[in-house]
Amino acid sequence: MLKLRSGRTLYYGKGDVLSYRTYAAPLTVRPIEVSPYKGESNIIFAHNITFSVSSEVLLSSFTEGDNTQVVATDSMKNFILRQTAEYGGSTTEGLLAFISERFMKRYPHIDAIEIQADRLPFSAVSVADDSGWRDSQLVFRRSHNEHASASLKWNRDGDAGILAEHESALSHIQLIKVSGSSFYGFVRDEYTTLPESFDRPLFIFLDIFWTYEDAEDAFDSTRGNYVPSEQIHDLAHTQFHAEQSPSIQHLIYRIGMSILTHFPQLAEVRFESNNRTWETVVEPEQPAGAGVYTEPRPPYGFQGFTLSRADLGDGGDKA
Ligand SMILES: O=c1[nH]c(=O)c2[nH]c(=O)[nH]c2[nH]1
């Protein structure tokens, strides 16, 4: 939310700016051992962008209906789409920085910008030819699974914008582990009806957010330090798969330690999780036996947690 120096909230902008760019520069990333991900063709580089601006000189547009300094949100949409054609990089964060920097230059009366984008994921379909199965370079399917996103805030300093905040994210992860999770030892008192569970089918909704020590690493993948959401996802999978979790609280802590250990270029990692554990209808009689579950009834539980490099301590974590 953008504010004036006086502390007054003042902003306007455009949401749902849908931008389907084709043939952006391919992304290549440094591989990590727990992920097969090495990069992305970026043949489709698509985003849903939200853009807003703030400025002292816009006050009169609210108080007096004076539109002389108002860049129409329709023009903002056109600006975003046209600049997207000119972007030469390969990351969502880089695209948002490019648009913001150009906007600050073009409209010197704008003091601050907030820009956010959800990547619209498309994955190549598999096609067979004489040498076997390969990814089509022409046909893609829209994915409605988890997606990457990023947000940036800029404040004007002279001719340019100075980056005030940045965050990258992987949103709407939904993971179920059918066995190997427990929840016991919690406070038992007159309000407790929940039985202790030593092996529950743990279904979590999870959003993971991260910030870089130096945001240039997010903007410019050629520096070799870009952290792709796919590798973050694979680290989260690996941790969930490998460990017996005593709670979601501890699970997200362990995922966070693993992320900060693998990526020294990150300053912080943040989690928002939901507990969507299936309700048991028919208890399995033995491990890996037939059980039947149904959707849990509301309400749901949630957790939030932030880790920074200070949490790694000396020598880092062995996660
Ligand atoms: O992982 C969990 N953490 C909790 O704090 C909690 N509370 C609850 O009812 N179930 C769970 N599960």
Side-chain angles (χ1 to χ4, degrees), residues 34-35 144-149 167-211 227 229-263 266 268-313 316-319:
V34 296
S35 173
H144 293 279
N145 281 330
E146 65 287 332
H147 64 266
S149 60
E167 196 168 57
S168 305
L170 179 61
S171 304
H172 299 173
I173 304 169
Q174 299 191 0
L175 294 174
I176 169 77
K177 183 171 181 179
V178 293
S179 177
S181 308
S182 59
F183 184 62
Y184 60 88
F186 49 86
V187 173
R188 298 208 76 82
D189 62 13
E190 66 274 34
Y191 296 106
T192 312
T193 53
L194 184 75
E196 295 191 314
S197 170
F198 299 91
D199 192 10
R200 60 178 176 168
L202 183 56
F203 191 17
I204 54 169
F205 287 8
L206 184 60
D207 291 351
I208 308 179
F209 306 82
W210 56 98
T211 56
V227 177
S229 64
E230 290 80 358
Q231 289 182 349
I232 295 276
H233 201 193
D234 288 336
L235 283 174
H237 291 162
T238 302
Q239 206 68 36
F240 198 19
H241 172 87
E243 295 204 9
Q244 299 270 337
S245 76
S247 65
I248 300 173
Q249 284 91 328
H250 189 63
L251 174 67
I252 59 180
Y253 168 78
R254 294 289 295 162
I255 295 171
M257 291 296 271
S258 170
I259 290 171
L260 290 177
T261 304
H262 279 86
F263 299 116
L266 298 185
E268 210 172 86
V269 56
R270 182 166 78 79
F271 294 87
E272 290 176 6
S273 53
N274 277 196
N275 185 354
R276 303 287 176 155
T277 294
W278 291 342
E279 190 178 306
T280 304
V281 179
V282 180
E283 191 89 49
E285 280 178 12
Q286 76 271 349
V292 177
Y293 307 89
T294 191
E295 203 59 24
R297 279 167 289 200
Y300 63 88
F302 58 84
Q303 298 77 21
F305 197 62
T306 305
L307 290 92
S308 71
R309 302 219 67 79
D311 287 296
L312 288 181
D317 182 76
K318 297 287 173 280

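FYI, side chains are in, hydrogens and waters are out, and symmetry mates aren't considered; it's all heavy atoms of this structure. Each ligand, and each atom within it, is numbered from 1 in the order the structure gives.
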Of all the non-hydrogen atoms in the protein, which one sits nearest to [atom], and at what distance?
atom	answer
atom 3 (N) of ligand 1	Q249 OE1, 2.8 Å
atom 2 (C) of ligand 1	R200 NH2, 3.5 Å
atom 9 (O) of ligand 1	L194 CD2, 3.4 Å

[atom1]/[X] to [atom2]/[Y] distance, rounded to the nearest 0.5 angstrom?
X	Y	atom1	atom2	value
I259	Q231	CD1	CD	11.0 Å
I232	S168	CD1	OG	9.0 Å
F205	E146	CZ	CD	12.5 Å

With a 3.5 Å distance limit and no angle check, can you tell me whether R188 reaches the backbone of L194 through a side-chain donor-acceptor pair?
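Side chain of R188 to backbone of L194: a pair is present.
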
Can you list the atoms of ligand 1 that are under 4.0 Å from a heavy atom of I248?
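By the 4.0 Å cutoff, the relevant atoms are 1 (O), 2 (C).
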
Only heavy atoms of N275, strictly under 4.0 Å: list the atoms of ligand 1 that pass.
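In order of numbering, the contacting atoms are 10 (N), 11 (C), 12 (N).
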
Just go through F186, F302, F183 and tell me whose heavy atom is the nearest to atom 4 (C) of ligand 1.
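The residue whose heavy atom sits nearest atom 4 (C) of ligand 1 is F183.
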
Parallel, tilted or perpendicular for F186 and F183, by the 30°/60° rule?
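Parallel.
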
Could you tell me how the ring of H172 sits relative to the ring of H147: parallel (under 30°), tilted (30 to 60°) or perpendicular (over 60°)?
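The arrangement is perpendicular - the two ring planes meet at more than 60°.
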
So for ligand 1, is S247 a polar contact partner (N or O within less than 3.5 Å, distance only)?
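It does not: no N or O of S247 is found under 3.5 Å from an N or O of ligand 1.
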
